[in-house]
Amino acid sequence: MAFIVCFSAILFFVFYKVNKVPKDISYTVEGWETLSESEEVSVNGRTVKQSIYKTTLPKDTRDYTHLYLIAYYSEIELLIDGKVIYSDEITDQKYFQEANSERFLFVDLPDNWQGKEITLVTYPHLDLKGYDIKEPVLCWKDSMTQVLSQADMPMFIFVVVITMMGVLYIIYYLTLRKTSTNRSILLFIGIIAIQSGIYITSQMSMISIMARNTSSLYILEMGMSFIMIFPHLMIVKSYVNEEVSKILNMALALNILNIVIQVIVTSVSSISFRQLLPVTHMVYIISLLVILAVVISGIGIAKKDKLGLRLSFVPLCLLWGVSLIINFLHQGNRYPAFVLAGTIYILIVQTLANLGNLRLAYAKQAAATVYEELAYLDMLTGLKNRNAYEKDVDRIKQHADSLEDKTLIVVALDVNGLKKINDNYGHLAGDMLIKTMAYYLKEDFDDCDNVYRVGGDEFLMFIETADGQSIVDRLEKMRAKAAKKPFYEDESISFSFGTVRYDKSLYSDFEMAVKEADARMYEEKIGYYESTGDKDKIKISRAKL
């Protein structure tokens, strides 16, 4: 706890310093006198509240060219010695209701402005606590823009780092097996980091200057305001028992209800999400309090998890709660620092906490992957086995059905005379026969990924081609080549094969095409055994037709 307090204080101090405009390039206009405040007037056919402020510009200051000010939800008008130098011409209420909150304005100053009277007139469109016109400053526009860019740079670097860490967490989540311990925690931590990065980006001064008063920033900011609490609740929920989980489900339901009600209200009335933002903040704070109560009490949490959850979520909830309170009571660019501090903190803590689990999970996954590969590998030939065929057959069929310019050829192949080789030379010679057959298949059909040994000397192949006859020709060439090269003693390889062109219009079931190829292979095998006079094998082959 002491660490995070010190860390957030340092971060706050850094951002306070880098966001403070240097005196040598700007001068804050002070001494404003209120002429009238919250007076109702008619503007463009509607009644709005008007406030008027007046002061005198300094005489002995630099020859600045612009007046820089930030306006929230207000039309403004600036006059020097009664002459208008800037006036908003905004007639659409939604410009303020459904757009980014801040408007960064650089108003051109007339020549010889020093010592003259300046008047600021405001017409607020939304009455939100903590939002007001910031004190204008005299400046050079280029210098001020550069300073604002430099001021945002530290936060921008932090945002890039936490966003990339969030992406990395989600990649870890996707690559780990579903059975891995606390796998879902990685997803939710990644979402927190990415959400925080998006939200903080929407609050940066330079982003607001570049994007002006656009709805895209409004959508980012308000969208994140609604959903930022969900991953926090889901993480804690994954650690508690079923009874305590019901309490967290109520907090989730409250947030969902808040979103639904606000969508309905904003759809049927002129009220905007921005005006209802205090309600969202209150729901968020209630949710943070629920998390704190569950984590601190430890009810329903395993003893081994209590300390880790407290170290993670107590500082996080406090920091995010402070940011919400600051945002609600006083609009400014300080509160994102607390969101950033909380996010960096939980990333550090969770990374350290999950490091051992991740290593163990990856080790288990690597071992499981090896065993899975072995389960689908024929150890004798190095080809895929029957398990792999059973697993792949649906994929092969779906792919075959989607082919347009090509077709799928089903090849059933069986080695001739395996029993004779086993009887005459032993089973090692029989194994050599099968391995040599697999070698020819891999060498002559290296463009085919779907080659399977589905039985003792039985093989299946599924080959994409635009010309079915070419596959038959390749098989015949392979048979001629194998017949010339003895694999053991004086014995050479002989095999029978059958091919079928799979067409879903001809075969309602993919297995029918496989059986047809198998039947054609046995027809050829009968011819082989007839040539050798092996009547028993002829009977067996005919029985399999």
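Just so you know, these numbers use all the heavy atoms, side chains as well, and skip hydrogens, waters and symmetry mates.
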Is [Y] close to [X] at the side-chain level, that is, under 4.5 Å between some pair of heavy atoms?
X      : Y      : value
Phe510 : Ile396 : yes
Gln146 : Ile25  : no
Ile191 : Tyr169 : no
Ile235 : Ile192 : yes
Phe188 : His232 : no
Tyr199 : Glu221 : yes
Asn249 : Ser245 : yes
Leu105 : Ile76  : yes

I'd like to know if the side chain of [X] reaches the main chain of [Y], judged simply by a donor and an acceptor atom lying under 3.5 Å from each other, with no hydrogens or angles considered.
X      : Y      : answer
Asn241 : Val244 : yes
Thr280 : Phe226 : no
Thr55  : Gly31  : yes
Ser323 : Trp320 : yes

Taking atom [atom1] as the centre, does [X] end up with more than 12 heavy-atom neighbours from other residues, nucleotides or ligands that are less than 6.0 angstrom away?
X      : atom1 : result
Asp142 : CG    : no
Ile299 : CD1   : no
Lys141 : NZ    : no

Legend entry - Full working for side chain to side chain contact (heavy atoms under 4.5 Å, CB included) between Val283 and Leu257: CA-CA 10 Å; Val283 171; Leu257 186 64; over 6 Å; no
Legend entry - Sole candidate of Tyr27, Phe106, Tyr86, Trp140 that passes ring pair (Phe, Tyr, Trp, His ring centres under 6.0 Å) when paired with Tyr68: Phe106
Inset, instruction - For Ser51, enumerate each residue passing the side-chain hydrogen bond (donor to acceptor under 3.5 Å, both in side chains) test, keeping only those at least two apart in sequence or located in another chain. - result: none
Closest heavy-atom pair and its distance - [X], [Y]:
X      : Y      : value
Ala193 : Gly166 : CB-CA, 3.6 Å
Ser312 : Leu316 : O-CB, 3.4 Å
Arg310 : Ile296 : NH2-O, 2.9 Å

Legend entry - Approximate separation, where rounding is to 0.5 Å, of Lys59 NZ and Leu57 CG: 11.5 Å
Legend entry - Distance (rounded to the nearest 0.5 Å) between Met224 CE and Ile200 CD1: 12.0 Å
Inset, instruction - In sequence, state the C-alpha distance, the side-chain angles, and the governing distance for His399 and Leu403, and then conclude on side chain to side chain contact (heavy atoms under 4.5 Å, CB included). - result: CA-CA 7 Å; His399 181 66; Leu403 293 175; 3.8 Å; yes
Inset, instruction - Give every residue pair that meets the side-chain hydrogen bond (donor to acceptor under 3.5 Å, both in side chains) criterion with at least one member in residues 153-164, sequence neighbours excluded. - result: none
Inset, instruction - Could you go through the side chain to side chain donor-acceptor pair (under 3.5 Å) check for Thr119 and Lys54 one step at a time? - result: CA-CA 4 Å; Thr119 304; Lys54 181 184 71 173; over 6 Å; no
Inset, instruction - Sort out for me which residue in Ile80, Val137, Ile118 forms a side chain to side chain contact (heavy atoms under 4.5 Å, CB included) with Leu67. - result: Ile118
Inset, instruction - Test side chain to side chain contact (heavy atoms under 4.5 Å, CB included) on Leu254 and Val290 and set out the steps. - result: CA-CA 12 Å; Leu254 178 64; Val290 169; over 6 Å; no
Legend entry - Steps toward side chain to side chain donor-acceptor pair (under 3.5 Å) verdict (Gln398, Asp394): CA-CA 6 Å; Gln398 289 174 5; Asp394 289 337; over 6 Å; no
Inset, instruction - List the steps and the verdict of side chain to side chain contact (heavy atoms under 4.5 Å, CB included) for Leu138 and Leu109. - result: CA-CA 9 Å; Leu138 300 165; Leu109 289 169; 3.7 Å; yes
Inset, instruction - Assign the ring pair Trp113 / Tyr64 to parallel, tilted or perpendicular, where the plane angle (0 to 90°) is split at 30° and 60°. - result: parallel
